[in-house]
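One structure is given here, and the rest of the page talks about it.
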Amino acid sequence: MSFKTTATIASFGGKLLKLSHTSKTVGCDMALNLYLPPQASLHKVPVLFYLAGLTCTGDNGAEKGLFQSAAAEKGIAVVFPDTSPRGLNIVGEDDAYDFGSGAGFYINATKEPYAKNYKMESYITEELPSALFTSFPSLDASSISITGHSMGGHGALTLFLKHPGTYKSVSAFAPICNPIACPWGKKAFSGYFGDNIEEWKKHDATELVKDWKAGGGLDVLIDVGTGDNFYKQGQLLPENFVQAAKSVGLEEGLVVRYQTDYDHSYFFISTFAKDHVNHAAKYLFA
Ligand SMILES: N[C@@H](CCC(=O)N[C@@H](CSC=O)C(=O)NCC(=O)O)C(=O)O
C-alpha cells in the first residue's frame, strides 16, 4: 500500500480518508483527501477530482466544499489533492500566497529552480491516479471527471483540454480562465515558464479551447459569483473563455452561470457543489 492513512472519518454513509504518500514526480510527501461513498464497499465507483485554489491544501474542499452529500447520493468518489509540492527549500517558494507553495497551477514548470519539482500536471494526471487505482480497487479507473476552484478551475479546464479522453467531463467554480491575461497567471507563468508567451498559451484555457479537436461539442459548467472580488479585479476573465469558445463554434454546451451576490469563498462553492457533482454524474454514468 503506497498510501498512509492518517484519519478515517465517517461522512454521509461513506468514508473520508486523509492520506499521504511519497511522490516521485514532485519529489516530496504529498497529502490528500479521498472520499469513498457508501457504494464503494459494494462495487467499483467513478471518480471526481476536485482541484483547489491558491493557498489551499486537500483539506479545504473536503472540509468546506460539501461535495460528500451529493457524491454519496450518486455513488461517486472524490479526490482532493494538494495544490503544490511542499517543504522543498526552494528559494522564494514560501514568499507569496500566489506563487510557490500552495500555488502549483497544475502545470509542469520548465524554469529553474522550479522545473525539477513543480510538476503538478504530471502528478495529477499520471502518478496520483495510478497510485490511487492500485491501492483502492473500488475506484473505477475508466470513469474519471474533473472540477476545481479558481486556480483549480484553471487546472480542471486546462487538464481536460490538454488530455482528451482522460476525463469524462469538466466543470469549474470561479476559474482563472485566461491566465496569460491576468495578474495571477502572468506572475505564475513567468516564474514557472520564463518569458516565452507561446509556452504560456499551452496552459491557458482560453487559448486551448480554440484548438479543441476531440470531436463533438464541449459540455462545460462554470459558476462565477457576481460579488467575487477576484472576478471584479479581472483575475478570472470567464468572458474571454466564452468568446474564444464562440469563435470556434463551441458555445452550445458551454454553460456559464453568473450567481448573484456570491463571492469567491467556500460558501459559494458549497452552495453549488451538488450541481457540479450532478454534472459529472451525467457523464460518469453514461
Ligand atoms: N490570501 C489571499 C487570498 C487567497 C484565496 O482567496 N484563496 C482562495 C482561492 S483563490 C484562487 O485560486 C481559497 O480558496 N482560499 C481558501 C479558503 O478556504 O477560502 C489574499 O489575501 O488575497
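Order of listing sets the numbers, starting from 1, for every ligand and every atom in it. Residue numbers run from 1 in the order of the sequence given.
Near Asn60, the atoms of ligand 1 lying under 4.0 angstrom from a non-hydrogen atom of the residue are 16 (C), 17 (C), 18 (O). Within the listing of ligand 1, atoms 9 (C), 14 (O) sit less than 4.0 angstrom from a heavy atom of His149. The Tyr266 neighbourhood of ligand 1 comprises atoms 14 (O), 17 (C), 18 (O), 19 (O), with distances under 4.0 Å to a heavy atom of that residue. Residue-ligand proximity, Lys64 to ligand 1, at heavy-atom distances under 4.0 Å covers atoms 17 (C), 18 (O), 19 (O). Atom numbering of ligand 1 starts at 1 in the shown order; those under 4.0 Å from a heavy atom of Met151 are 11 (C), 12 (O). Numbered from 1 in the order shown, with element, the atoms of ligand 1 that lie under 4.0 Å from a heavy atom of Trp184 read 10 (S), 11 (C).
No N or O atom of Gly152 sits closer than 3.5 Å to an N or O atom of ligand 1.
Scanning Phe268, Phe173, Phe230 for the heavy atom closest to atom 6 (O) of ligand 1 points to Phe230.
Aromatic ring pairs are classed by plane angle as parallel below 30°, tilted from 30° to 60° and perpendicular above 60°; the pair Trp200 and Phe189 is perpendicular. Relative ring orientation between Tyr50 and Tyr266 is described as perpendicular, the plane-to-plane angle rising above 60° on a 0-90° scale split at 30° and 60°. Note: His264 and Trp184 have tilted aromatic rings, judged against thresholds of 30 and 60 degrees for the angle between ring planes. The aromatic rings of Tyr262 and Phe268 are tilted relative to each other, their planes meeting at an angle between 30° and 60°.
Distance remark: protein heavy atom present below 4.0 angstrom from atom 14 (O) of ligand 1.
Heavy atoms of Leu54 found under 4.0 angstrom from ligand 1 belong to the backbone as well as the side chain.
Counting only heavy atoms of the protein, atom 11 (C) of ligand 1 lies nearest to Ser150 OG, 2.3 Å. Of all protein heavy atoms, the one closest to atom 20 (C) of ligand 1 is Tyr97 CZ, 4.0 Å. For atom 4 (C) of ligand 1, the nearest non-hydrogen atom of the protein is Thr55 CG2, 3.7 Å.
A side chain to side chain contact (heavy atoms under 4.5 Å, CB included) with Phe67 holds for exactly one of Phe12, Tyr35, Phe80; it is Phe80.
Using a 4.0 Å cut-off between a side-chain N of Lys or Arg and a carboxylate O of Asp or Glu, Lys18 and Glu63 qualify as a salt bridge. A salt bridge links Arg257 to Asp275: at least one charged side-chain nitrogen sits closer than 4.0 Å to a carboxylate oxygen.
Using a 4.5 Å heavy-atom cutoff, the side chains of Phe49 and Leu159 are not in contact.
For Cys56, the closest heavy-atom approach to ligand 1 falls below 4.0 Å.
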> Can you check salt bridge (Lys or Arg N to Asp or Glu O under 4.0 Å) on Lys119 and Glu127, steps first, answer last?
Replying inline: CA-CA 10 Å; Lys119 293 182 175 162; Glu127 186 184 20; over 6 Å; no

